Structure formats: structure tokens, C-alpha cells
Amino acid sequence: MSEKAAAQATNNTVTLIDNATGRRFELPVMKGSTGPDVIDVRKLYQDTGFFTFDPGYTSTGSCESSITYIDGDAGVLLYRGYPIEQLAEHSDFMECCYLLLYGDLPTADQKRKFEHDITYHTMVHEQMHKFIEGLRRDSHPMAVMVGMVGALSAFYHDSTDITNPRHRMVASYRMIAKMPTLATWAYKYSIGQPFIYPRNDLRYSENFLHMMFATPCEPYKVNPVLAKAMDRILILHADHEQNASTSTVRLAGSSGANPFACIAAGIASLWGPAHGGANEAVLKMLEEIGDKSRVPEYIKRAKDKDDPFRLMGFGHRVYHNYDPRARIMRQSCNEVLDELNVRDEPLLELAMELERIALEDDYFVSKKLYPNVDFYSGIIFRAMGIPVSLFTVLFAVARTVGWVAQWNEMIEDPTQKIGRPRQLYAGPTRREFKLLAQRG
Ligand code: SDX
């Protein structure tokens with residue numbers, strides 16, 4: 001879908017010396033357009049017999065990408081080179097979807113056509129009502145989303161040939177367009193209300209809020225301030241380099257699995273509380289803390305190695321500075337609470353007190369633990385009347401464009417191959433089978 005600026009080989013190499021044998025190996029260094037250079041270890045095992053060892057991939061680049069750049073130390077986030085702060089201020093989610101998919105901001109005509117095409121894919125096959133109605137009404141909405149998005153591959157066979165660029169584009173548009181419809185179905189089903197169909201006269205975020213809160217009984221007017229806040233939140237969550245769920249989508253896609261199955265895998269990974277499930281976990285943590293007077297107790301617990309409790313919404317694998325998205329989210333939080341006249345939201349005051357104390361505490365300062373994107377989002381969602389169980393679903397709605405853009409980039413990469421990591425084996429070496437009678 002977009003032209004890639006290929007990374008360059010450099011004349012630079014690094015030398016690996018095996019001190020046990022004195023063997024020396026030259027490893028090439030590659031350079032991107034910005035960010036750290038990489039040591040190309042693709043031939044390491046073939047040339048040296050060594051694997052690298054990096055559980056959690058703390059020092060490993062899994063792919064070459066041109067979509068999103070993060071500088072964790074500087075707190076920088078760029079979508080195709082554009083700073084997240086400028087996109088949140090001046091752009092909208094549909095423009096950002098086009099930017100992430102195609103590599104540049106759309107012209108007015110391109111934007112009009114893109115929004116039209118997405119809008120006309122927002123309906124979901126009517127038969128899928130039967131699918132969701134087979135689930136319990138108290139199912140977690142993320143379980144519903146994993147099931148329904150995976151089931152899209154059972155309904156949309158005409159866009160699953162990943163070698164066909166048109167199929168890939170149609171499947172990409174379908175997933176971006178249908179996620180809000182499926183997400184609101186999950187909500188309506190859980191509260192026993194009828195599903196609300198998308199409307200082609202509403203823009204993406206308005207349509208989402210309309211499907212969430214309208215009923216057949218009376219007209220529902222979307223609050224433009226809330227629609228703008230929702231649109232900005234979708235922009236902030238749209239993509240984030242090779243995070244756990246995006247890496248899951250890429251790994252699933254590397255085997256040639258159909259796009260709907262890959263995105264369902266990404267939703268499953270995002271669900272975890274260490275990842276996208278953190279926004280739900282933050283709300284639950286704030287409600288458990290309950291009062292500012294208990295903040296020191298929970299800060300103490302977060303620092304206690306023997307206590308599994310962690311400050312949800314704090315810390316990040318890449319950001320060792322304030323997550324730029326959290327800063328924007330905090331501003332949105334104030335706007336939404338003002339609009340809804342809930343300025344004295346106790347959870348916001350509690351969150352700000354928690355943030356103030358944590359940012360002064362040596363443990364968090366020394367480990368460079370700052371609020372991340374999930375720290376404030378839950379407070380906004382709750383103020384908008386969105387149930388806690390739907391918070392991570394909203395994250396999945398936003399991140400679908402990132403997953404889809406990264407999936408397309410991987411499929412179009414001529415060097416891509418199936419992802420198949422190796423391991424450091426620590427189990428029993430060869431031993432002979434013992435018959436039952438010989439086992440004592
Ligand atoms: C998202 O990757 C992405 O880009 C994800 C994301 C995206 O947009 O896709 O940004 C979205 O997932 C944001 C993160 C949401 N998760 C949370 O808020 C959950 C709470 N955070 C932690 O679980 C943790 O910070 C992680 C999982 C986010 C990052 O963990 P890492 O990189 O594996 O770091 P680590 O666990 O090795 O922590 C380093 C140290 C440890 O102490 P030591 O063992 O070195 O003594 O910091 C401590 C940790 O114990 N630490 C925390 C902490 N986070 C890290 N201590 C208390 N509270 C925390 N939140």
C-alpha cells in the first residue's frame with residue numbers, strides 16, 4: 001500500500017570474538033532513517049553456531065518498518081514522521097488511518113473517498129447476529145471481539161487471498177470499518193439492548209458513540225465535544241511500533257494466515273493487563289485505592305519486590321520518559337470532564353495525586369517509570385459512560401488500523417519469511433525410554 005524507504009547497509013561492522021576459540025566474526029551494521037543502528041544477525045547461527053538470546057525482545061529488532069517511530073528517552077512518537085502532538089491537535093482519526101495505511105496525509109479528494117469507502121463497510125453480515133447470540137450476555141467484551149473478528153473470515157471469503165493486493169485492501173478497510181460496529185454490538189448485547197445499525201451520515205467517532213448509546217425509542221444526538229475527544233483518543237492509540245499485539249499480528253501473518261484471523265490474534269494479545277488491558281486495570285486499581293490517604297500504601301506495595309502489585313498505567317518497555325500520549329490524554333480528560341460538568345471527578349483527583357507522589361518517588365524516578373497511555377484513558381471513558389469492561393475493546397478499535405498497516409507492510413516486504421524463533425534448551429538431554437515395569 002505504501003512505498004518503503006529501505007534501510008541502508010553501512011560500511012560499518014561489529015566484530016564478535018569467541019574467547020573460547022579465538023574465532024572472530026564480522027557482523028554488518030544497518031542504519032535506518034533515524035533511531036539506533038542494528039547489528040544484522042541473520043547469518044549469525046549459520047556462520048558461528050550461536051543463537052542470540054533475548055526473551056521479551058528487549059534488544060531485538062524484529063523487522064524493518066516505515067510506519068511508526070518512537071524515541072523512548074525523548075518521549076517522541078511519530079506516525080509516518082508526523083509528531084503525535086500535531087496529529088492530535090490538527091488531524092482526525094480517518095486522516096490518521098489513511099496516513100498509517102498509505103504513508104502520507106490524504107488530499108481533500110483522497111480523504112473524501114477514503115471516508116466514503118470506510119463508511120460503506122461499517123455494516124456487518126446480518127448472520128453474525130446469530131454468532132454473538134450464541135455467547136453468554138455476561139461474556140467479557142474482549143472475548144466477544146476475539147470470537148467475532150476471527151469469525152469475519154467465515155463470512156468474508158472474498159477478501160482473504162493475501163497475495164491479492166485488492167483482497168488485502170478490502171480486508172483492511174472492512175476491519176477498520178467494522179470494529180466499531182462489532183464493539184458496540186458487544187456492549188448492547190451485554191446490557192440486553194437491541195443492536196444499533198451504523199449510519200452513513202455520521203463520521204467514524206460520531207457513528208461509534210451513536211451505536212453505543214442510541215436506542216430505537218428516540219433520536220440520539222451525539223455530543224460533538226465527546227466525539228472530538230473520542231476521535232483524539234483513537235488517534236493516540238492507532239499504532240505504536242512493534243508492541244506485543246502488533247508483533248502477534250505480524251507473527252500470525254507470517255505464516256500466511258488470513259487477515260481476520262491475524263487481527264483476532266492481535267486482539268487476544270492486547271487483552272492482557274500488561275498491555276491493552278491496563279486501562280481497565282487502572283480504573284480497578286483507582287477504585288480499589290479509593291482515597292488519596294491510601295496512595296502511600298499502594299506506592300509502597302508497587303515498590304515491594306515480594307508484592308505482585310504494580311502501579312497500572314505506569315511504566316513502559318520503550319518510554320523512559322513521559323508517554324507523549326498520556327500528556328495529551330490528560331488534557332482531553334480535563335476537556336471531557338469540563339464538558340460533562342464532572343470536574344470534581346474523585347478518580348481524576350486520585351489519579352493526579354498518585355501521579356504526583358510517584359513522580360517524586362526515587363523508585364519510580366530511578367527506574368524511569370512514568371504514566372503511559374493507559375493511565376488517564378479509563379477516566380475519560382468512564383466519564384463518557386463507557387463501562388470498564390469495554391475500555392480495552394476501544395483500544396482494539398483504535399489499534400486495528402495499526403495492526404492492519406503493519407500486516408500489509410509485512411506481506412509486501414519481499415524479504416519477509418515465516419517467523420520462527422529458536423531457544424536456549426535447558427531440558428533433559430537424550431535418555432532411553434523406560435517401560436512401566438522399570439519405573440519403580
Ligand atoms: C501498553 O509496547 C507498547 O508500545 C505498548 C503500548 C502500545 O501502545 O501498544 O504502549 C500500550 O501496553 C502500555 C503499557 C500498559 N501496561 C501497564 O500500565 C501495566 C503496568 N506496567 C508494567 O507492567 C510494565 O511497566 C510494562 C509491562 C509496561 C513494561 O514492563 P518491562 O518493560 O518488561 O519492564 P520490567 O517489567 O522489566 O520493569 C523494569 C523494572 C522492574 O523492577 P526491577 O525488577 O528492575 O527491580 O521496573 C519495575 C519492575 O518491577 N516496574 C514497575 C512497574 N513497571 C515496571 N514497578 C511498579 N509498577 C510498575 N507499573
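Predicted, not measured: the structure shown is a model, and the values here were computed from it. Atoms considered below: every heavy atom in the structure, side chains included; atoms not considered: hydrogens, waters and symmetry mates. As the structure lists them, so they are numbered: ligands from 1, and atoms in each ligand from 1.
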(request) Give the single entry among Arg310, Lys367, Met285, Arg301 that approaches atom 49 (C) of ligand 1 most closely by any heavy atom. (result) Arg310
(message) Check this for me - ligand 1, Asp323, N or O atoms closer than 3.5 angstrom, yes or no?
(response) no
(request) Classify the ring geometry between Tyr204 and Phe93 as parallel (under 30°), tilted (30 to 60°) or perpendicular (over 60°). (result) tilted
(message) Regarding Arg294 and Glu288, does a basic nitrogen lie under 4.0 Å from an acidic carboxylate oxygen?
(response) no
(message) Under 4.0 Å between a side-chain nitrogen and a carboxylate oxygen: does that hold for Arg356 and Glu353?
(response) yes
(request) Provide, to 0.1 Å, the distance between atom 16 (N) of ligand 1 and the closest protein heavy atom, together with that atom's residue and name. (result) Ala274 O, 2.9 Å
(request) Please state which part of Lys305 comes within less than 4.0 Å of ligand 1, counting heavy atoms only: side chain, backbone, both or neither. (result) side chain
(request) Could you tell me whether the side chains of Asp54 and Thr58 share a donor-acceptor contact shorter than 3.5 Å? (result) yes
(request) Ignoring hydrogens, just give me the one of Leu311, Asn243, Asp307 whose non-hydrogen atom is nearest atom 2 (O) of ligand 1. (result) Asn243
(request) Between Met312, Arg399, His240, Lys368, flag the one that comes closest to atom 19 (C) of ligand 1 by a heavy atom. (result) Met312
(request) Mind checking whether Leu369 contacts ligand 1 via backbone (N, CA, C, O), side chain (CB onward), both or neither, at a 4.0 Å heavy-atom cut-off? (result) side chain
(request) For the residue pair Phe114 and Tyr173, categorise the inter-ring angle as parallel (less than 30°), tilted (30 to 60°) or perpendicular (more than 60°). (result) perpendicular
(request) Measure Pro273 to ligand 1 on non-hydrogen atoms and call it side chain, backbone, both or neither using the 4.0 Å cut-off. (result) backbone
